[in-house]
Amino acid sequence: MNTKFSFSAGVWNLNRGEDPFGPPIRASIPFAEKLQKLKALGFDYVQFHDDDAVPLGVSPVNVAAEAARVRSLCEDAGLGVEFVAPRLWEDPLFVDGAITANDAAARQAAMDRGKRAVDIARVLGTHRIVLWPAREGTYIREAKDPLASFDRFVEFLNCLLAYDPDIRILGEMKPNEPMDLMYLASTAHFLALAARTAEPDRVGTLIEAAHSILLGLDPSEEMAFAIWHGKLWGVHLNDQDGLKFDEDKSFGSANLRRAFNIVDVLVNNDYGLKGEVVGLDVKAMRTQPTDMATKHLSNSKRMFERLVEVSVKLDRSAINALRASRDYEGLDALILDALMGVR
Ligand code: GLO
Ligand code: MG
């Protein structure tokens, strides 16, 4: 059982409130100030997209120096870097996907971009590369050859694995948005594909709770399955109210019991003991004024910590007895009482 956790968030989790229907409504926070805010909120690590750390305009010869500057900023703020994620969805060249694009030039650009992210990660002091394959799917199924797309995934992963012997790649799978129909919608799909790469031991997963919920799955079970494979190397905790757009609500905000089950699986299976971090991929409500737009992070972290306490305090022998006698109604009441603080 592990009860001591490190926390992280992305620089994108302190944003200006823009959404597909409206522009930013909060002041932008300078980079160094974001780091200070995360530290002040009790975070230990920060997460970056490649171009959050080193903008694309920086010429290739200066990438390492710029990454080193960012690393010192993080160190000055007292933060480590948890991971770097190549942003393979924004460039117009990646309009049809990056890894699975039908255009070979786009696929080559994706590999180059992936290698650039690895270069940046190396300087920032992390070996974790997170792959959220945002546009690796289709709007209509006829658009791409699915088997060729799976091959292209393997080719992309092998290319990065060969490029740096120390990195590990964490697939962050999501079933939809921005694409209608994704390839490899779930963690299990990605782990099955990982087994076909040149080095399966270096390919694992980061599971985002909201993505599991969008799949109609329970995140704690997806996480348990990845742990069982020894491949839960990161999490993005948040919440999601049903099958809608990806809401990135504060952890526990929509379904406290579901959040509890996530925490309980992590606590009881030693998540964190090999350096895994509790990442929070949460968005402030758009209505939140600038000076109060960090509560989504502090609330989520506090909720996680309180649920760790609930998990630790649970009477495990009572649970075992209820399981043995198949009294799941009794077990249901025990869990609800614990969540309400009455047991
Ligand atoms: C979007 C994803 C996104 C990723 C981030 C890191 O749905 O959750 O926020 O976590 O880009 O790859
Ligand atoms: Mg995420």
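Whatever order the structure lists ligands and atoms in, that order sets their numbers, starting from 1.
- Residues M285 and S250 fail the side-chain proximity criterion, which asks for heavy atoms closer than 4.5 Å.
- Hydrophobic clustering (ILVMFWY, side-chain heavy atoms < 4.5 Å, transitive): F260 and L232 are in one cluster.
- A distance of 6.0 Å or more separates the ring centres of Y183 and F153.
- E172 has its closest N, O or S atom to the Mg ion (ligand 2) at the position named OE2.
- Ligand 1 places these atoms under 4.0 Å from at least one heavy atom of H211: 1 (C), 2 (C), 7 (O), 8 (O).
- Proximity annotation for atom 3 (C) of ligand 1: of D281, V84, L214, D281 comes nearest, heavy atoms only.
- The side-chain tip of R168 points at the ring of W233 from less than 6.0 angstrom away and within 45° of straight on.
- The closest protein non-hydrogen atom to atom 4 (C) of ligand 1 is E172 OE1, 3.3 Å.
- In this structure, W132 has its ring center at least 6.0 angstrom away from the ring center of H49.
- The distance from ligand 1 to the heavy atoms of K174 drops below 4.0 Å at these ligand atoms: 1 (C), 7 (O).
- When each of D218, D241, D264, D239 is checked for a salt bridge (Lys or Arg N to Asp or Glu O under 4.0 Å) with R258, only D239 meets the rule.
- Among heteroatoms of the N, O or S kind in D281, OD2 lies nearest the Mg ion (ligand 2).
- Electrostatic pairing of D119 and R116 does not count as a salt bridge here, judged by no charged N lying under 4.0 Å from a carboxylate O.
- Residue-to-ligand polar distances place H236 within reach of ligand 1: an N/O pair is separated by less than 3.5 Å.
- Under a 4.0 Å criterion applied to the non-hydrogen atoms of W12, ligand 1 contributes the atoms 5 (C), 6 (C), 9 (O).
- Heavy atoms of W89 found under 4.0 angstrom from ligand 1 belong exclusively to the side chain.
- Taking every non-hydrogen atom of A85 and a distance limit under 4.0 Å, the qualifying atoms of ligand 1 come out as 6 (C), 12 (O).
- Residue V130 approaches ligand 1 through these ligand atoms, each under 4.0 Å from one of its heavy atoms: 12 (O).
- Closest to atom 8 (O) of ligand 1, if we only count protein heavy atoms, is E208 OE1, 2.7 Å.
- In this structure, R196 places its CZ atom where only 12 or fewer heavy-atom neighbours from other residues, nucleotides or ligands lie under 6.0 Å away.
- The Mg ion (ligand 2) sits nearest to atom ND1 when only the N, O or S atoms of H236 are considered.
- Listed here is the closest heavy atom pair of V58 and V63: CG1-N, 4.0 Å.
- For E208, the N, O or S atom with the smallest separation from the Mg ion (ligand 2) is OE1.
- The closest approach between a heavy atom of H49 and any atom of ligand 1 is below 4.0 Å.
- Which parts of ligand 1 touch D246 is read off a 4.0 Å heavy-atom cut-off, strictly below it: atoms 1 (C), 7 (O).
- Using cut-offs of 30° and 60° for the angle between ring planes, the F304 and F251 rings count as tilted.
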